[in-house]
Amino acid sequence: MNAISFRFLPQLVFRPISMQSLPPSLSTRPNETKSQASNIQSPPLTVLSSSIGATVNTRIFDTFEDIIHNFIDPPPLPAVDPRLVLSGNFAPVNELPPTECEVIQGALPSCLDGAYIRNGPNPQYFPRGSYQLFDGDGMLHSLRISQGRATLCSRHVKTYKYTTERNLGSPIVPNLFSSFTSLPACIARGFLLAARIIIGLYDPTNGIGVANTSLALFGNRLYALCESDLPYAVRLTSDGDIETLGRHDFGGTLLTNMTAHPKVDPDSGEAFGFRYGPIRPFLTYFYFDANGNKHPDVHIMSMPHPTFVHDFAITKKYALFPDIQMRMKKPIEMIFQGGNPMVSDPTKVARVGVIPRYAKNESEMRWFNLPGFNPMHFVNAWEEDDGNAIVMLASSVTSIEHALQRFDLVRNRMEKVQINVNTGMVMRQPISSRNLDLAVINPSYLAKKNKYVYSGVGEPLPKMSGVVKLDLSKGESKDCTVASRMYGPGCYGGEPFFVAKEAENSEDDGYLLTYVHDENTGESRFLVMDAKSPDLDIVATVKLPQRVPYGFHGLFVKESELNKF
């Protein structure tokens with residue numbers, strides 16, 4: 001390659017655009033400090049002759065990438081145009097070292113002794129071509145709370161992809177949800193990635209994921225997750241900073257990817273998970289004991305096609321898997337069709353699979369048809385009638401053709417579904433007329449019958465204009481909403497999280513936590529709401545020193561748990 005003349009490079013060489021160089025309309029990031037840069041860990045890069053050689057190779061490949069974008073890619077559709085997708089509070093921010101915040105309303109409750117941490121996409125480089133929110137590098141926004149004081153810290157999860165691209169000064173891994181725009185572009189990017197791998201710029205065996213979706217705490221470890229890779233272990237330091245400890249394969253027992261929505265039983269400490277993919281077996285189930293030791297895989301061969309399985313549910317006896325009207329494209333389809341790797345199938349009859357929680361194989365797996373039931377997120381599940389009936393709570397997408405493409409057109413219906421495991425009879429009940437998603441419960445009620453649900457109001461999606469409280473005891477054929485808190489004109493939040501009081505007297509005796517952004521002022525706040533009050537009264541508001549972009553899922557970790565890892 002070095003023998004080839006590249007006299008045209010000075011005219012065509014691509015200069016990677018970092019978020020710092022974007023105009024104010026796309027980024028409001030301050031300059032990065034030396035302390036932030038020193039927190040970045042170097043990836044285990046393979047053979048490179050020298051840093052100069054790596055830079056030359058990177059510029060050559062960047063030039064070809066730019067040619068693909070300018071001359072082969074079709075113009076991006078508005079739904080995946082980064083100039084539109086990464087605008088407003090979806091625009092990324094710089095890392096923020098631990099910074100003390102001001103409590104501007106009320107007081108932080110004493111039971112909030114720990115950290116609220118939320119994950120979300122925050123690309124470090126502006127995308128060359130199409131971009132979808134799920135493609136962004138993961139960033140954790142942690143609010144450490146102690147003795148009524150709060151400290152905010154925002155750090156990228158230092159994945160192998162992130163640190164490699166950081167060292168090279170350029171994005172090199174194609175975006176999973178938006179890079180396959182056409183057959184010529186797909187082939188060109190495939191060859192380009194293969195060339196980078198061959199000369200040692202990237203080793204895909206070290207991971208391709210962005211760790212941008214959620215967090216989970218089990219086996220005395222805290223993980224940042226996305227479903228395209230292994231978990232990344234992270235920790236909070238005593239001063240509130242966030243450190244990435246590394247990609248975790250559980251002693252070599254977890255070889256590929258894992259769901260971003262594992263379920264952790266609050267009574268046993270066990271964690272239940274799965275993975276899905278485009279190659280048979282399309283679905284694999286497994287679980288971890290309370291110490292984080294993984295048990296053997298259970299391959300679900302009765303899943304005949306690669307299906308998009310984003311979430312699932314557990315009860316005390318079962319694990320429940322959706323087979324929705326959205327499937328993954330097979331590798332050959334990705335090559336020749338391009339486009340999003342997920343595609344809706346309106347002719348498919350949706351169903352739910354039920355397997356014993358501690359199954360050794362899939363011999364007892366049973367499938368129940370639920371036409372039009374397309375849950376992206378489960379809320380909870382439990383057994384009734386001496387274990388003969390299973391009850392599920394989930395947010396089902398009624399406009400599946402728009403999912404992952406046109407968030408503004410997506411409608412969700414919160415449903416209560418009951419399955420008689422003996423007769424196969426299914427009963428479904430909508431429990432709200434609003435567009436609800438990102439719903440949570442009191443975590444101690446996971447896999448057990450609960451009464452209350454707290455959900456974001458997706459009006460308009462993917463932003464949340466408020467939060468509602470649902471009371472499942474209100475009966476059938478009724479809207480179960482009993483309380484709500486709307487954030488006001490131009491103010492939007494995300495997923496709430498429930499934290500119980502120390503002396504919990506009832507299921508709803510606690511607080512709801514969330515980040516909220518005011519698009520009128522450009523400021524972000526942290527809200528604490530009384531989950532038991534009729535109007536979800538705000539008991540504390542924290543003004544944040546830096547904008548927190550809209551994101552995905554989070555959790556609250558008590559100080560006693562933070563000290564274990």
Side-chain angles (χ1 to χ4, degrees), residues 111 214 216-217 261-272 311-320 322 352 354 357 373 375-396 412-419 421 427-432 434 436-457 467-476 478-485 495-514 529-534 536 553-556:
C111 65
S214 66
L217 175 64
H261 287 292
K263 306 302 178 186
V264 183
D265 189 305
D267 298 326
S268 68
E270 298 165 310
F272 299 80
D311 197 4
F312 79 130
I314 62 167
T315 69
K316 291 299 182 182
K317 293 175 60 177
Y318 302 105
L320 317 174
V352 169
V354 178
R357 186 159 121 158
F373 185 61
M376 290 294 177
H377 293 113
F378 281 87
V379 183
N380 198 21
W382 63 85
E383 293 108 17
E384 291 184 351
D385 190 21
D386 295 325
N388 295 316
I390 296 174
V391 179
M392 299 180 292
L393 300 173
S395 180
S396 175
N412 294 287
R413 180 175 59 215
M414 190 67 70
E415 291 192 40
K416 180 180 179 182
V417 181
Q418 181 171 303
I419 300 175
V421 295
M427 298 177 60
R428 298 170 62 178
Q429 172 196 347
I431 59 177
S432 176
R434 306 195 75 159
L436 303 182
D437 197 10
L438 301 181
V440 299
I441 62 171
N442 182 329
S444 65
Y445 283 78
L446 182 78
K448 294 177 286 190
K449 184 176 182 178
N450 67 286
K451 181 179 180 180
Y452 299 108
V453 174
Y454 309 92
S455 178
V457 180
V467 60
V468 297
K469 177 182 181 181
L470 307 177
D471 182 349
L472 304 178
S473 67
K474 289 196 65 177
E476 298 181 0
K478 293 182 180 179
D479 191 309
C480 296
T481 303
V482 293
S484 68
R485 164 65 58 177
E495 176 192 67
F497 191 84
F498 181 94
V499 178
K501 294 181 180 178
E502 297 100 330
E504 179 183 354
N505 296 315
S506 60
E507 180 185 333
D508 62 343
D509 197 10
Y511 301 101
L512 295 177
L513 317 179
T514 192
M529 293 167 277
D530 184 350
K532 200 169 186 176
S533 62
L536 303 180
H553 307 282
L555 80 172
F556 183 83

Could you go step by step and tell me if R413 and R428 meet the side chain to side chain contact (heavy atoms under 4.5 Å, CB included) rule?
-> CA-CA 11 Å; R413 180 175 59 215; R428 298 170 62 178; 3.6 Å; yes

How far apart are the C-alpha atoms of L217 and L555, what are their side-chain angles, what is the distance that settles it, and do they pass the side chain to side chain contact (heavy atoms under 4.5 Å, CB included) test?
-> CA-CA 9 Å; L217 175 64; L555 80 172; 4.3 Å; yes

List in chain and number order the residues that pass side chain to side chain donor-acceptor pair (under 3.5 Å) with N442, two or more places apart in sequence or in another chain; answer none if no residue qualifies.
-> S444, E504

How would you list, by chain and number, every residue that makes a salt bridge (charged side-chain N to carboxylate O under 4.0 Å, His left out) with R357, sequence neighbours excluded?
-> D265, E270

For K501, all residues meeting salt bridge (charged side-chain N to carboxylate O under 4.0 Å, His left out), sequence neighbours excluded = D509

Residues at least two apart in sequence or cross-chain that pass ring pair (Phe, Tyr, Trp, His ring centres under 6.0 Å) with Y454, listed by chain then number, are F498

CG of N412 to CG of D437: how many Å apart, nearest 0.5 Å?
-> 4.5 Å

With sequence neighbours left out, what residues match E507 under side chain to side chain donor-acceptor pair (under 3.5 Å)?
-> none

A394 and P375 have their tightest heavy-atom pair at CB-CB, 3.8 Å

Student check: side-chain heavy atoms of M529 and T514 closer than 4.5 Å | yes

With sequence neighbours left out, write down each residue that passes side chain to side chain donor-acceptor pair (under 3.5 Å) with T481, or none if nothing qualifies.
-> D479

Under 3.5 Å donor-acceptor, N380 side chain and Y445 backbone = yes

Side chain to side chain contact (heavy atoms under 4.5 Å, CB included) evaluation trace for M414 with L393 | CA-CA 7 Å; M414 190 67 70; L393 300 173; 5.5 Å; no

With a 4.5 Å heavy-atom cut-off, do L472 and K449 have their side chains touching?
-> no

Contacts of D471 that satisfy side chain to side chain contact (heavy atoms under 4.5 Å, CB included) - sequence neighbours left out = K451, Y452, S473, K474, V482

Taking it one step at a time, do D530 and R485 satisfy salt bridge (Lys or Arg N to Asp or Glu O under 4.0 Å)?
-> CA-CA 10 Å; D530 184 350; R485 164 65 58 177; over 6 Å; no

Is the backbone N or O of V421 less than 3.5 Å from a side-chain atom of N388, with the two atoms forming a donor-acceptor pair by type?
-> no

Does a salt bridge link E383 with K316, judged by any charged N lying under 4.0 Å from a carboxylate O?
-> no

Note: A439 and V453 closest approach over all heavy atoms is CB-CG1, 3.9 Å

Applying ring pair (Phe, Tyr, Trp, His ring centres under 6.0 Å) to F497 and not counting sequence neighbours gives none

Side chain to side chain contact (heavy atoms under 4.5 Å, CB included) with A313: which residues, sequence neighbours excluded?
-> L320, F378, A381

From NE2 (H377) to CZ (F312), nearest 0.5 Å | 13.0 Å

Please name the pair of heavy atoms, one in I314 and one in L446, separated by the smallest distance, quoted to 0.1 Å.
-> CD1-CD2, 4.5 Å

Do K317 and V354 touch side chain to side chain, with heavy atoms closer than 4.5 Å?
-> no

Contacts of type salt bridge (charged side-chain N to carboxylate O under 4.0 Å, His left out), residue K448, not counting sequence neighbours | D267

Residues in side chain to side chain donor-acceptor pair (under 3.5 Å) with D508, at least two apart?
-> K469, S506

If every non-hydrogen atom of L512 is compared with every non-hydrogen atom of A531, which pair is closest and at what distance?
-> CG-CB, 4.0 Å

Would you please name every residue forming a side chain to side chain contact (heavy atoms under 4.5 Å, CB included) with S484, sequence neighbours left out?
-> V468

Considering all heavy atoms of both residues, which atom of S533 and which atom of A483 are nearest to each other, and what is their separation?
-> O-CB, 4.0 Å

For A216 against P262, the heavy-atom pair lying closest together = CB-CG, 3.7 Å

Taking the side chain from S395 and the backbone from L436, do they hold a donor-acceptor pair closer than 3.5 Å?
-> yes

Under 3.5 Å, side chain of Q429 to main-chain N/O of K416, donor-acceptor pair present?
-> no

